[in-house]
Amino acid sequence: MSLICFASPKGGVGKTTLAANIADGLQRLGHRVLAIDLDAQNALRLHFGVPLSDRVGFMAGLRSGGDWRGQLRQTASGVLLLPHGATDLRGALDLAVALDRDSDLLGAPVREMLAEPGLVVVADLPPGPSQALATLAPMATMVIGVLQAEAISAALVPEIESGRFLGTGTMAALLAGRLRVVLNGVDLASRLSRASAEAVARHLGFRMLGAMSREETVAESLACQRLLLDHAPDSRAASDLKEVARLISAALPPPGAVAFPAPPDHAGFERPLGMARPPAEAFR
Ligand SMILES: Nc1ncnc2c1ncn2[C@@H]1O[C@H](COP(=O)(O)OP(=O)(O)OP(=O)(O)O)[C@@H](O)[C@H]1O
Ligand SMILES: [Mg+2]
């Protein structure tokens, strides 16, 4: 029903961290959330406590067919997860070629996910341009461009602002309207970080959705394979995260506002989808 993509022209800026924790944040606000990992690093699953040894996933098996519903994992957070799955260099290259030839290989299952009433799909994209981004961006409700609060971000603002990293020409112009930026890793004690963050915020205006502070608890939560709101619920980063989740939630149809009944023929799908946390258990 709604698709939120986490993407960035730059790697290592916190896309996966934000995708996982915002998915959890939206779930806590009462949305039914499916998080999908489109990056061959296969790291999104770690935030949800899936063991390192568990290497099976949706994208890695995409070329051999099979229903995406069969790959769904119910995580302890309530968020449904489609891990990417482990792949080697050959597998990753073959998948890129296959997606280039037929973008519906990914587009068709994602359209099916979006046809599920009330479901919010949160997608973690690889850094930079990718087939997955080209396929998903036109379907997205919102593309969240993640930037770090550092000097190089200023150079990336025009890429973000123009929508150029989502496409070219008219397509870029169309998609630019769906772009919002989250500035990650803000260190209020650092003059440079603060100045970079302020400059980017000033320049982006309404396109800047929120900011998240740099904090040890964020990296720690990944090391413990826990979500931030479980690991350090009272931290500043957790409060930043809740604010961003609230703003995203406000742009989505309200939880529970389902326009159509769930399709009856999706055996095994209704149960996990029905396990969204009730709004009463939302943020403390
Ligand atoms: N706000 C933060 N404070 C402290 N550490 C952070 C913060 N955000 C992310 N990190 C850490 O930075 C590292 C990179 O984060 P992450 O993997 O989410 O980035 P990414 O953009 O998904 O990277 P890639 O481009 O490789 O996919 C991780 O170790 C993560 O724990
Ligand atoms: Mg990542």
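Start at 1 and go down the list; that is how both ligands and their atoms are numbered.
The nearest protein atom to atom 4 (C) of ligand 1, hydrogens excluded, is given as Glu215 O, 3.1 Å; this is a heavy-atom distance. Looking only at heavy atoms of the protein, atom 28 (C) of ligand 1 is closest to Leu222 CD2, 4.2 Å. What sits closest to atom 19 (O) of ligand 1 on the protein, heavy atoms only, is Gly14 N, 2.9 Å. Looking at atom 17 (O) of ligand 1, its nearest protein heavy atom turns out to be Thr16 CB, 4.1 Å. Among all protein heavy atoms, the one lying closest to atom 13 (C) of ligand 1 is Gly12 O, 4.9 Å.
Residues Val122 and Leu247 fall within the same hydrophobic cluster, defined by Ile, Leu, Val, Met, Phe, Trp and Tyr side chains chained together at heavy-atom separations under 4.5 Å.
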Original post:
Given Gln225 and His47, is the side-chain hydrogen bond (donor to acceptor under 3.5 Å, both in side chains) satisfied, shown in steps?
Top reply: CA-CA 5 Å; Gln225 286 196 252; His47 293 267; over 6 Å; no
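Using a cutoff of 4.0 Å between basic side-chain nitrogens and carboxylate oxygens, Lys10 and Glu150 are scored as salt-bridged. Looking at Asp24 and Arg226, no side-chain N of the basic residue comes within less than 4.0 Å of a carboxylate O on the acidic one, giving no salt bridge. Salt bridge Arg69/Asp67: present, at least one basic N to carboxylate O contact under 4.0 Å. A salt bridge does not link Asp240 to Arg236: none of the charged side-chain nitrogens sits closer than 4.0 Å to a carboxylate oxygen. Residues Arg32 and Glu116 are not paired through a salt bridge, judged by the lack of any N-O separation under 4.0 Å between the basic side chain and the carboxylate.
Note on Thr16: counted as a metal contact of the Mg ion (ligand 2), an N/O/S atom lying under 2.8 Å.
Near Val218, the atoms of ligand 1 lying under 4.0 angstrom from a non-hydrogen atom of the residue are 1 (N), 2 (C), 3 (N), 4 (C), 6 (C), 7 (C), 8 (N). Heavy-atom contacts of Thr17 reach the following atoms of ligand 1: 9 (C), 15 (O), 16 (P), 18 (O), 30 (C) (cutoff under 4.0 Å). Counting the atoms of ligand 1 from 1 in the order shown, those under 4.0 Å from a heavy atom of Val13 are 19 (O), 20 (P), 21 (O). Of all atoms in ligand 1, listed by their number and element, those nearer than 4.0 Å to a heavy atom of Gly11 are 25 (O). Taking a cut-off of under 4.0 Å to the non-hydrogen atoms of Arg214, the atoms of ligand 1 that pass are 1 (N), 3 (N).
Remark: the backbone N or O of Thr17 is paired with a side-chain donor or acceptor of Asn21 at under 3.5 angstrom.
Partner of Ser8 under the side-chain contact (heavy atoms from CB on, under 4.5 Å) criterion, chosen from Val13, Leu156, Val181: Val13. Screening Leu125, Ile22, Ile248 for a side-chain contact (heavy atoms from CB on, under 4.5 Å) with Ile144, the sole residue that qualifies is Ile248.
For atom 30 (C) of ligand 1, the protein comes within 4.0 Å by at least one heavy atom. Put simply, atom 11 (C) of ligand 1 has no protein non-hydrogen atoms near it, under 4.0 Å away.
Contacts between Asp39 and ligand 1 below 4.0 angstrom, taking non-hydrogen atoms only, involve the side chain exclusively. Only the backbone of Ser213 comes within contact range of ligand 1, with a heavy atom under 4.0 Å; no side-chain atom does. The side chain of Asn184, and not its backbone, has at least one atom closer than 4.0 Å to an atom of ligand 1 (non-hydrogen atoms only; side chain from C-beta on).
The heavy atom nearest to atom 25 (O) of ligand 1, out of those in Lys15, Gln41, His47, Lys10, is found in Lys15.
Residue Ala43 places no heavy atom under 4.0 Å from ligand 1.
Residues Ser162 and Pro158 form no side-chain contact, since every pair of their non-hydrogen atoms from C-beta on lies 4.5 Å or further apart.
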